Amino acid sequence: MLLPTAISAVFVTLYSVSTAGLQLACSIIHPLPIPTERYMWTPMDSPPSRQENLEEVCIIASAALNNTDTKVTFPSQQAIELFHPTIPYLGPHLFGQLGPVTTSLELRRGNVTELLYGQSTLKHLKLSDTGLNHFDVLPQYDFPLQTLVIHERLITVLPSHVNILTGLKLLDLSGCSLTTVDLSRLDGLHSLLSLNLADNQLSTVEGEADLPALAKIDVRQNELSRIDRFPDMFPALRYARIMQNRWDCEWVSEARAKFWHRNITVLGTDFHCGRRINNGGLCCTYSHPARARLGIAKAVLSVLEELGPNRGDVQSMDPLITFKVFENETVEAVVGVETENVGIYLHDPIGAA
């Protein structure tokens, strides 16, 4: 028995196949929370908090469409979810038949192998677990799309022509299988506020893009060791989530200094690093063991220097002992101490095997 308080309305899905085409109706209309990613925020705002607002979502179950020329009539609803659809090819013809009142479309599970986005007035599009392996954008302009969310394990490259979607504020490709990302393919997304590349297989982020509004980036749970020119290439960046990668410790130190200088908040932290080093909450390794030993030596000497006399109070007094780390073309990382005219140094350089 269905209680009136649990759902707003229940309908039978209609598949009226005739000369008039395919008539779709809601299997159920249900009030659901508006997804967090749909709340846009600017670099001056705090991260979006949990929202309790609901919207009526028209859920259409098991819709099947194999003929790309079929005339389809969608329900006149603002938010539509196609649950477990069978639409091997979803192209501009189908997008163009969505009613003007529909601003949000989600496809969840089922079978949607290929998608060509175009002729659409949607503001929000989300695909997850549909078996999608190819996403492209029709090369035209004036798309109003603001959020594009793709959680598809068969997607291994950035969607082609995604930079045509100049109104995008959120691009979420988390949970895909990207191994490399060329940021230059995002050039032109001047309104983009948030870029989510988490939970992929990224080992390389290359290129640059002019993303003047980007305030948040998420690359957690990948295989990255460094991202060149990061975060310098993003002038508006305020939040970064970068844990659960294979970072190089020297890169982490450089990046953390930049985060501190620009007041960028790093969200999340690594707790269990095993044999790796925990550098300010991020697990990392040095590219060469000698660099690890040198990093530790410099850190120790830095602490010892801070424990020494305050030069502001005794400007004329030389320190009793000076700790030094020497590096040049022939000697790598020799640690020693000097006192007056006497110097004592380690017999073996830190860089020695």
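Quantities reported herein were computed from a predicted structural model and do not represent experimental measurements. Just the heavy atoms: all of them, side chains too, but no hydrogens, waters or symmetry mates, feed the values below.
The backbone N or O of Thr285 sits nowhere less than 3.5 Å from a side-chain atom of Arg246 that would complete a donor-acceptor pair.
Note: the hydrophobic cluster containing Ile164 also contains Phe135 (ILVMFWY, side chain heavy atoms under 4.5 Å, direct or indirect links). Both Leu186 and Val137 sit in one connected hydrophobic cluster of ILVMFWY residues. Membership requires side-chain heavy atoms under 4.5 Å apart, directly or through other members. Hydrophobic clustering (ILVMFWY, side-chain heavy atoms < 4.5 Å, transitive): Leu138 and Leu165 are in distinct clusters.
Ring geometry for Phe95 versus Tyr117: interplanar angle over 60°, hence perpendicular rather than tilted (30 to 60°). Ring orientation note: the planes of Trp251 and Trp247 are close to parallel, at an angle under 30° on the 30°/60° scale.
Side chains of His161 and Asp136: a donor on one and an acceptor on the other come within 3.5 Å. The closest side-chain donor-acceptor pair between Thr113 and Asn111 falls under 3.5 angstrom. Between the side chains of Gln78 and Thr102, no donor N or O sits under 3.5 Å from an acceptor N or O. Thr147 and His124 share a donor-acceptor pair across their side chains, judged by distance under 3.5 Å alone. Counted by atom type alone, Asn279 and Arg256 present one or more donor-acceptor pairs between their side chains at under 3.5 Å.
Ion pair Arg108/Asp129 not flagged as a salt bridge, since none of the NZ, NE, NH1 or NH2 atoms sits closer than 4.0 Å to an Asp/Glu carboxylate oxygen. Of the charged side-chain nitrogens involved, at least one lies within less than 4.0 Å of a carboxylate oxygen, so that Arg153 and Asp199 count as a salt-bridged pair.
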